Every structure is written in C-alpha cells, then in structure tokens.
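Structure record follows, encoded as structure tokens.
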Amino acid sequence: MYANLVCSPALGQTTVVAPGTQRVRFTALIETESDKAWEVALWHNHGHPDTWEKLMLSEDEPQAQLFVDHGDANNCRRRWFSGELTGPPRGRSHASFTITFRAGKDEPWKWANEQFSFSDGHLIYQADIPQAGLSQYISNISSDLVVDEQAAQTPNTLLWTVSGKVGPASGSTSGWAHHTLGKPVECHKWFALVRLWSPWLAPRHGKGDFAPDKEAVLASFLRNDGQHVVILAVSVSDVLTELVHQDGHVQIRGRNDGEEQDATAIVAVSSSFEIANAATMYHARRLVMKYGSPDGTSGNSGSTIEAEMKEVEGNKLKAQWLEEWYDGLAYCTWNGLGQHLTEAAIFNALDQLESNDINVTNLIIDDNWQSLDHEGEDQFKRGWKEFEANKAGFPNGLAHTARTIRERHKNISHIAVWHAILGYWGGISPDGKIADEYQTAEVQKKPGVSAGKMLVVDEQDVHRLYQDFYSFLESAGIDSVKTDAQFFLDELDTAPERRRLIKTYQDAWSINILRHFSAKAISCMSQVPQILFHSQMPTNKPRLMVRNSDDFFPEVPASHPWHIFCNAYNALFTQHLNVLPDWDMFQTSHPWATFHGAARCVSGGPIYITDVPGQHDVDLIRQMTANTPRGDTVILRPDVIGKTIDAYAGYDEHQLLKIGTYVGRAQTGTGILGVFNTTQRRLTELLTLDQFPGTEFGTYVVRSHRTGQTSSPFSRQSTAFVHVDIAVQSWEILSAVPVGSYELPRLSGHGSGSPKVDVAVLGLLGKMTGSAAIVNTDSYVEREGGRHLRVWTSLKALGTYGLWISDLENRNLETDFLALLFGQPISLGCVAKNENVLEIDLARAWKENDQKAGWSNEVAIEVIIR
C-alpha cells in the first residue's frame with residue numbers, strides 16, 4: 001500500500017523556536033491511495049530526555065496550501081493532521097521527536113524513521129542572550145590570547161576580537177604560531193568554510209566537536225540554547241590567519257611574513273546566524289581599513305597607488321554604468337571551444353549562437369590565446385612571452401579578432417580576455433619580450449601541484465607591467481579581463497617573496513582594472529585569505545565580479561549537485577564582500593543544464609554559458625533571459641546575493657537545498673526561494689512563508705516557476721504550506737509576491753457593498769526570476785469616484801507580463817479591464833486569463849503599437865481594473 005509522510009517541523013532537521021514561544025504546532029501530511037481511517041501520532045521527549053511520550057494528532061486541514069509536484073507524483077489522497085506541544089521542555093532547552101502512523105485502528109503502527117530513513121527531528125528553544133564574557137561560550141581560552149570586547153554594528157550581538165602574537169619572519173622562513181581559542185560550549189551543530197585547496201573555499205558540517213578536515217576561514221556553532229557563535233579568522237598586513245582544531249578545540253594559526261604581529265580572530269554571538277556573521281564581517285572591514293591606507297591598499301605599494309586610486313575614482317568611475325556588464329548574458333570559450341583556441345573557432349561559435357537567436361552581450365576569450373613557450377607541455381611549465389596573441393590561432397593579431405567580432409556581431413558590448421595574475425600558469429618565459437622589458441625574479445612555490453621555481457615580474461616593475469599590458473589590450477579593442485590563478489600569490493613559499501609580491505600584485509591589478517576597464521573584470525581562483533580581506537572586502541571602489549567556487553566540470557556527474565551546494569554556502573561569506581559572486585559558466589546542452597541554470601538565476605550574480613557551437617537549449621536560455629526594447633539580451637538578476645537559508649544543513653543530510661534571495665524594496669519586494677535536490681533520493685518537504693527572505697510583514701501569493709501554479713494569499717501568521725516534491729537532479733523556483741488589497745465600489749446593477757480586490761504583480765511569466773524584471777510598480781484606487789484600480793509597472797524587458805487578481809475568474813476581459821503600454825491601449829488579442837493570472841504579451845503589443853525604445857530602455861504598462 002503506497003503512503004508518503006511529510007511533516008513540519010521536519011524530521012531529520014533542527015528547528016529553532018523563537019524566545020517566548022509557548023506553543024509549537026506540528027503538521028503532518030499523509031499522501032496515500034488508501035481511503036482508510038489513518039492515524040498519526042507525535043512521539044517526543046519534551047517532558048524528560050529519557051522518557052518518550054505520545055501525542056495523537058487530529059485531522060485538520062491548513063488555511064492555505066500549494067502543491068508543487070511537477071506532474072509526476074502518484075495520484076493520491078492527502079490527509080492533514082496537527083497537534084501542539086505547549087511550553088519549553090522542563091529544565092532543558094531542546095527536545096527530540098519523531099512520527100508514527102497507521103492505516104486504521106487494526107493496523108500496526110509504523111515509525112517514520114524506519115519507513116523513510118529519517119532521523120529524529122530536533123527542537124531548540126532559544127533563550128535570550130546573557131550579557132556574559134566570551135568564556136561562557138568558549139571554554140579553555142589560552143592565556144596567551146588577548147580578548148577585547150567590542151561594540152557590534154548589529155543589534156543584540158556580543159562581539160570580541162581575540163589576538164595572539166606571531167613571531168617575525170627569519171630569513172626565508174615565515175613566523176608561525178598556534179593559539180588555542182578554546183572549545184565551543186554546548187555545541188549542537190557546526191558549520192565551517194574551509195580552504196578546499198589554496199584557491200577555493202568549501203563548506204564543512206558536523207555535530208559535537210569541531211573537526212573540519214581543512215583549515216577554516218569562518219566557523220559557526222549552533223548551541224543547545226539556540227544562540228549562534230561565529231568565529232572569523234582575519235588576515236591583515238603580512239599575517240595569514242586560519243582556524244584549525246585539536247581535540248575539539250578551535251585554534252588560531254598564524255603565518256607571519258614580516259615583523260612580529262598579531263593573528264586575529266573575531267567572535268560574535270547572536271540569536272541569528274546571519275546577524276552574528278554580519279557582525280564579524282563588519283568589524284573585519286574596520287580592521288582591514290585600520291591596517292591599510294585610507295583607500296584600502298596597504299604595505300609597500302606606497303603613496304603612488306593611493307594617489308592613482310583617487311584620480312581614477314574622481315575622474316572616471318563616477319560616470320560608469322556597470323549594470324550591462326553584470327546583467328548581460330555572456331559566452332565563455334573555455335569548455336565550449338576547448339584548449340586549442342583560434343579566432344576561427346570563436347567566429348564560428350558566435351555565428352552559431354546568432355543563428356539560434358541567442359544574442360550574448362559579453363564574450364570571454366578564455367585560456368590559450370596568449371603567446372607562450374614550450375608548446376605541448378604541461379600548463380605549469382609554460383611561460384608568457386609577449387602581449388600579442390599567439391600567431392597560430394590569431395594570425396592577424398588580437399586587434400583584428402576583436403574588430404571582426406564587433407563588426408559581425410553588433411550585440412557584443414564587451415570582450416574580455418583571460419590571463420593569470422603572474423602572466424600564465426608557468427609565470428613568465430625567460431626567452432620572451434616580457435622578460436627582456438621588465439625586471440624579473442625567480443621565486444619558489446610551495447610543495448604541491450605546481451611545486452618548483454618560476455620566473456615572475458619583480459616588485460619594482462609589476463605596476464608598469466599591468467599598465468602596459470592593459471594599455472595594449474585597450475588599443476586592441478579589449479575592454480575587460482578575467483584574471484585567473486590568483487592563488488599563486490599564496491603559493492609563494494619564502495617570506496621575503498610573499499612580503500614583496502602578494503600585496504604588490506593585488507594593488508597593481510586593482511588600480512589598472514579601474515584605470516583601463518572601469519572595474520569590468522572577473523577575479524578567479526582568488527578565495528585566498530590575503531586577497532579576500534585586502535582586495536575584496538574594502539568598499540571604496542566598484543563591486544568586483546569574483547568566482548565563488550571551484551569550476552563547472554561537465555564530465556564529472558558527481559560534481560554538479562556539489563557545485564550548487566558549495567556556491568550556496570560560500571555565499572554566506574562572500575555576500576559581505578564588495579563583490580558580485582560568480583557561480584561559473586555552464587553548458588545549456590547538458591544533463592544538469594536546467595539545474596545549473598536555475599541556480600545561476602537565484603545566485604544574484606552573472607550568467608555565462610560555454611556551449612559547444614550549435615549545441616544549445618534555447619528554451620532554457622529564454623527562461624534565464626529577456627530582451628529589452630533595444631533588442632539587448634539581459635539576465636533577470638535579483639537584488640540580493642543568493643545563499644542557503646540554513647547554514648548548518650550538511651551535504652549528506654536528506655533535505656532539500658534552499659537558496660534564498662530577494663527582489664525589490666524592503667516589505668514591498670518579492671522573496672525568492674530556489675529549491676534543489678542535491679541528494680540521491682526523491683525528497684518531499686513542507687515549506688512555510690518564513691523560509692522566504694523579506695516576507696516578515698504583509699500577505700503574499702507563492703508562485704511556482706515550473707508548474708505556473710499560484711497559491712491563495714497567506715501571511716506568516718497563517719497555517720499554510722507550500723508542498724514540494726522534488727525528484728533526484730531536479731529543482732524548483734518559488735516566488736513569494738506581495739499582495740495589495742483595495743476596495744472598489746460596485747457599479748449599478750452589480751449588487752451592493754464595496755468588493756475587495758487583491759492584486760499581486762508577478763513580473764515576467766515564464767522566467768525563472770521574472771520578478772527581477774520589475775523596475776518599479778505602484779497600485780492605487782482613483783481619488784475621484786474611486787471606481788477604478790490602477791496598477792502601473794515599469795519593466796526592464798519585454799515578455800509576458802503577469803498580474804494576479806483575486807477575482808479574475810469572475811471578470812470579463814472586454815468590460816472590466818483596460819491595459820495601456822506607454823499610454824496606448826493594448827489590443828485584446830494580447831491579453832489572456834489563466835486561472836487568477838492576467839497575462840499580457842508585451843512583445844506582441846510592442847510591435848502592434850509600433851513602440852520605440854526610449855532613453856531608459858524600459859517598458860511602462862498600466863492595467864486599469866473597474
């Protein structure tokens with residue numbers, strides 16, 4: 001007999017109960033083909049940790065519900081059951097629970113744990129934060145650490161800096177120190193962002209003792225009292241700081257390349273992970289600015305860079321408009337065209353895109369365009385010879401390639417080229433023009449993948465190298481760069497080389513991307529602590545596009561769910577940097593294509609594809625993009641960086657990955673939740689409105705992108721659920737759209753009283769993040785007479801505009817509505833009803849009305865409801 005069970009709070013997960021909550025409501029849903037008299041019971045140890053009690057749940061349907069099953073779920077009946085636990089556990093702050101059920105009184109009880117392989121669920125009743133010292137949260141703090149209480153920039157937060165001395169470098173050897181910060185007290189679960197390897201961060205999770213397998217930059221602990229303790233290792237000046245562990249204790253490890261200095265960590269405690277995390281980041285920015293010069297640069301670069309930064313900012317940057325760089329659909333040559341890159345291959349790829357009506361705005365010419373030595377050898381043995389492109393692939397030079405691209409493809413606004421921070425993977429060729437022109441030095445790299453010696457441009461000529469190279473690129477028609485392999489700065493092994501070159505290269509690059517490309521650059525393989533804090537945290541320059549995780553690997557099936565999971569957790573850190581996280585390119589003609597595409601749409605970052613020429617999923621691209629009145633293709637990027645909504649949910653746990661983001665102004669915008677199944681089993685969950693970002697106040701309808709279903713209105717105070725059933729390798733994007741309520745007097749002969757009309761502006765339908773197309777919207781009842789409701793919306797692109805109207809099914813399109821495009825009536829042929837959603841084809845209306853793009857490149861539509 002088929003039966004499925006799902007409940008809220010969820011089994012196998014930890015639910016934190018807010019302070020002062022006296023009742024926790026449990027809701028269980030049985031999906032079954034049977035008509036039998038089902039019974040459901042909650043088992044819990046609420047009264048005593050060693051005594052489990054039974055609470056029978058009564059049949060009780062929620063006020064509102066939305067079932068998102070993608071049409072492939074079993075035909076079944078749904079039976080709802082609910083019950084309440086009253087008050088916090090006696091003398092404790094946490095309790096466990098599970099569910100049993102049976103198909104009638106004569107049937108045996110079945111345990112959800114056994115039937116569905118779920119572990120127990122956990123409740124943590126959150127207490128108020130006691131105003132206590134750090135020792136109440138971390139025990140056994142070493143006496144050689146200095147602990148200073150700080151004023152947090154976030155509410156209801158405790159904050160400390162913890163510092164310990166790191167001895168000076170001696171000759172070629174860096175100074176090292178290990179300081180025991182201590183053992184987190186009452187730890188229920190922990191999360192950390194570790195250095196997967198030198199260039200990349202990745203999440204780690206655990207229960208009980210802190211024991212990540214790699215060095216961490218950030219660690220957070222959920223306590224048994226519901227408080228969150230976040231620890232951030234801050235790398236400033238010449239000190240690299242990391243978090244390691246020993247016997248469950250957190251240790252602060254410092255590597256010093258200069259004079260004696262401190263290794264510093266910041267510790268915050270709050271009832272919210274996001275608040276505690278923000279508190280550490282805000283204070284870290286203070287420290288970064290304190291250790292650096294007023295513009296955020298520091299160390300041996302001196303006043304020249306400071307003066308140039310101010311000149312660039314004052315004379316050039318203020319007039320720049322970077323949205324088209326962030327929001328244009330991009331094509332990257334790397335996976336699509338392979339490593340034997342030629343201009344002919346690039347021309348063909350762009351022709352194939354255009355023949356499929358895919359108009360990319362940005363082109364990234366990736367690795368293998370440069371002039372290199374040691375043809376055919378390993379990339380780490382090849383060195384950069386000269387600025388001009390290699391003659392085999394680009395016989396007429398880089399300028400010819402760029403000029404031809406712009407002549408043949410008017411849609412291309414920006415062309416970027418790839419290069420490594422030190423030139424190439426193997427540095428500088430000793431036999432090339434660059435080695436002849438600039439002072440070089442041989443440096444030693446750390447043991448590992450790229451171990452050995454390499455030639456690099458030395459400190460005194462780094463700034464001139466970048467100035468000359470980027471001037472050459474500008475003259476060749478290149479207006480942006482992707483600068484890769486930045487972790488090589490951390491691969492330098494000796495203290496003098498690290499002290500001389502790490503900040504020098506960062507500062508020279510930062511200045512010259514501003515001066516030559518107005519910050520149109522992608523920073524890649526740069527999740528190195530010294531770069532994260534020195535270059536990416538200061539807010540005195542335009543936001544930089546930065547790769548957020550390891551690469552997209554098309555040929556490695558297991559990498560695809562992990563890639564999305566990793567990006568969602570890395571974003572918990574990178575959301576607080578002055579960067580736009582880039583989740584890497586992907587291929588639209590790939591078994592995991594829609595999975596990747598949906599993740600890019602909710603990431604809040606750029607979208608660029610790397611399709612093999614002619615192999616495209618045009619429908620997927622249409623869901624990710626829209627066309628502006630001028631014919632440009634843009635992505636619909638949310639306003640808030642997408643990130644996981646649960647820091648402590650591990651990759652090996654049986655629960656859906658939920659990525660939250662937001663579009664619009666506070667309290668009037670749309671909360672978006674991307675839901676991804678990164679596990680190897682089908683998963684079903686009940687989602688509540690409080691899981692959608694920014695929905696604290698008001699009433700919302702929730703719309704499913706994939707099914708087009710829209711819920712009835714509900715608020716956080718409602719007993720309401722969104723039921724999602726997600727198969728392996730599948731996903732969904734849900735949008736919680738605010739609802740406005742308006743009173744309209746009835747016309748004569750249409751009854752009495754003033755009917756209430758609820759409306760919600762959905763944005764562009766058929767787009768994964770269609771709400772992000774909304775620039776502005778306003779709804780109001782006419783002052784005089786009050787007989788019409790006007791809903792005005794400005795959009796950044798054309799498409800099918802959607803307006804949810806509570807009583808649409810009872811209205812007549814001809815007599816009850818008037819739709820205007822820039823004040824001109826839209827024909828009835830462009831308008832349709834789909835249940836409670838009014839759909840207006842703006843692209844067709846634009847052509848019929850013979851509209852022309854204005855200076856703002858926006859679309860203004862007004863719907864008048866009688």
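Remember, it's a predicted structure, so these values are computed and weren't measured experimentally.
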Identify whether NZ of Lys or CZ of Arg in Arg408 sits under 6.0 Å from the centre of the six-membered ring of Phe347 and within 45° of that ring's axis. yes
Positive for side chain to side chain donor-acceptor pair (under 3.5 Å) with Asp367, one of Trp418, Trp334, Trp425: Trp425
Does NZ or CZ of Arg547 lie under 6.0 Å from the centre of the six-membered ring of Trp583, at an angle within 45° of the ring axis? no
Gln506 side chain to Ile502 backbone, donor-acceptor under 3.5 Å: yes
Hey, are Asp378 and Lys381 close enough for a salt bridge, meaning a charged N less than 4.0 Å from a carboxylate O? no
Under the side-chain contact (heavy atoms from CB on, under 4.5 Å) rule, what do Tyr424 and Phe380 come out as? Steps first, then yes or no, please. CA-CA 8 Å; Tyr424 197 68; Phe380 293 110; over 6 Å; no
So Met585 and Asp366, do their side chains get closer than 4.5 Å, heavy atoms only? yes
In short, Ala349 meets Leu337 closest at the heavy-atom pair CB-CD2, 3.9 Å
Mind checking whether Ile672 and Tyr662 have side chains closer than 4.5 Å, heavy atoms only? no
Where is the tightest heavy-atom contact between Phe586 and Asp611, given as atom of each residue plus distance? O-OD1, 4.2 Å
Using side-chain heavy atoms (C-beta onward) and a distance below 4.5 Å, is Leu795 in contact with Leu842? yes
Any idea how Tyr466 and His419 line up, ring-wise: parallel (<30°), tilted (30 to 60°), or perpendicular (>60°)? tilted
Indicate yes or no: at least one non-hydrogen side-chain atom of Phe488 is less than 4.5 angstrom from one of Tyr505. no
Flag the pair Lys796 / Leu636 as yes when at least one side-chain heavy-atom distance between them is below 4.5 Å, and no otherwise. yes
Does a side chain donor of either Thr361 or Glu324 reach within less than 3.5 Å of an acceptor in the other side chain? no
Looking at every heavy atom in both Ile428 and Val456, which two are closest together, and how far apart are they? CG1-CA, 4.0 Å
Between OG1 on residue Thr769 and CE on residue Met624, distance to nearest 0.5 Å: 10.0 Å
Cationic N near anionic O, under 4.0 Å, Asp431 to Lys385: no
Could you tell me whether the side chain of Gln623 reaches within less than 4.5 Å of the side chain of Cys601, counting heavy atoms only? no
Side chains of Val634 and Leu329 in contact at under 4.5 Å (non-hydrogen atoms): no
Student check: side-chain heavy atoms of Gln729 and Pro591 closer than 4.5 Å: yes
How many angstroms lie between atom CZ of Arg515 and atom OG of Ser471, to the nearest 0.5 angstrom? 9.0 Å
Donor-acceptor contact below 3.5 Å, side chain Asn857 vs main chain Arg630: yes
CG of Asp490 to CD of Gln527, rounded to nearest 0.5 Å, is 13.0 Å
What do the steps show when you test Ile564 against His560 for side-chain contact (heavy atoms from CB on, under 4.5 Å), and what is the final call? CA-CA 7 Å; Ile564 306 310; His560 301 293; over 6 Å; no
Which of parallel (below 30°), tilted (30 to 60°) and perpendicular (above 60°) describes Phe565 and Trp562? parallel
From CA spacing to verdict: side-chain contact (heavy atoms from CB on, under 4.5 Å), Ile346, Tyr331: CA-CA 10 Å; Ile346 297 171; Tyr331 179 80; over 6 Å; no
Any chance you could lay out the ring pair (Phe, Tyr, Trp, His ring centres under 6.0 Å) test for Phe517 and Trp325, step after step, and finish with the verdict? CA-CA 11 Å; Phe517 305 132; Trp325 166 244; 9.5 Å; no
Provide the closest heavy-atom pair for Asp479 versus His414 in the form atom of the first, atom of the second, distance. OD2-ND1, 2.7 Å
Would a distance-only check, ignoring hydrogens and angles, find a side-chain to backbone donor-acceptor pair under 3.5 Å from Asp461 to Arg464? no
From Thr661 atom OG1 to Leu673 atom CG, the distance as rounded to the nearest 0.5 Å: 10.0 Å
Taking atom CD1 of Ile415 and atom CD1 of Ile405, what is their separation to the nearest 0.5 Å? 4.5 Å
Evaluate salt bridge (Lys or Arg N to Asp or Glu O under 4.0 Å) for Glu388 paired with Lys433, printing each intermediate quantity in order. CA-CA 10 Å; Glu388 185 57 86; Lys433 294 180 180 179; over 6 Å; no
Say you draw a straight line from CD of Gln370 to CG of Leu341; how long is it, rounded to the nearest 0.5 Å? 11.0 Å
For Asn776 and Thr793: C-alpha separation, side-chain torsions, deciding distance, then whether side-chain contact (heavy atoms from CB on, under 4.5 Å) applies. CA-CA 6 Å; Asn776 206 351; Thr793 308; over 6 Å; no
Salt-bridge criterion met for Asp850 and Lys852 (N-O under 4.0 Å): yes
Judged by modelled atom types alone, do Ser198 and Glu491 share a side-chain donor-acceptor pair under 3.5 Å? yes
Check: Glu732 side chain, His705 main-chain N or O, donor-acceptor pair, under 3.5 Å: yes
I'd like to know if Arg382 and Asp373 make a salt bridge, using a cut-off of under 4.0 Å between side-chain N and carboxylate O. no
Regarding Asp582 and Arg600, does a basic nitrogen lie under 4.0 Å from an acidic carboxylate oxygen? no
Please confirm whether the backbone N or O of Gly336 pairs with a side-chain atom of Thr610, one donor and one acceptor, at under 3.5 Å? yes
Exercise: identify the closest heavy-atom pair between Val663 and Ala772: CG1-CA, 3.8 Å
Identify the two heavy atoms, one from Asn567 and one from Ser549, that lie closest to each other, and give their separation to 0.1 Å. ND2-OG, 2.8 Å
Under 30°, 30 to 60°, or over 60°: which ring-plane class applies to Phe552 and His596, parallel, tilted or perpendicular? perpendicular
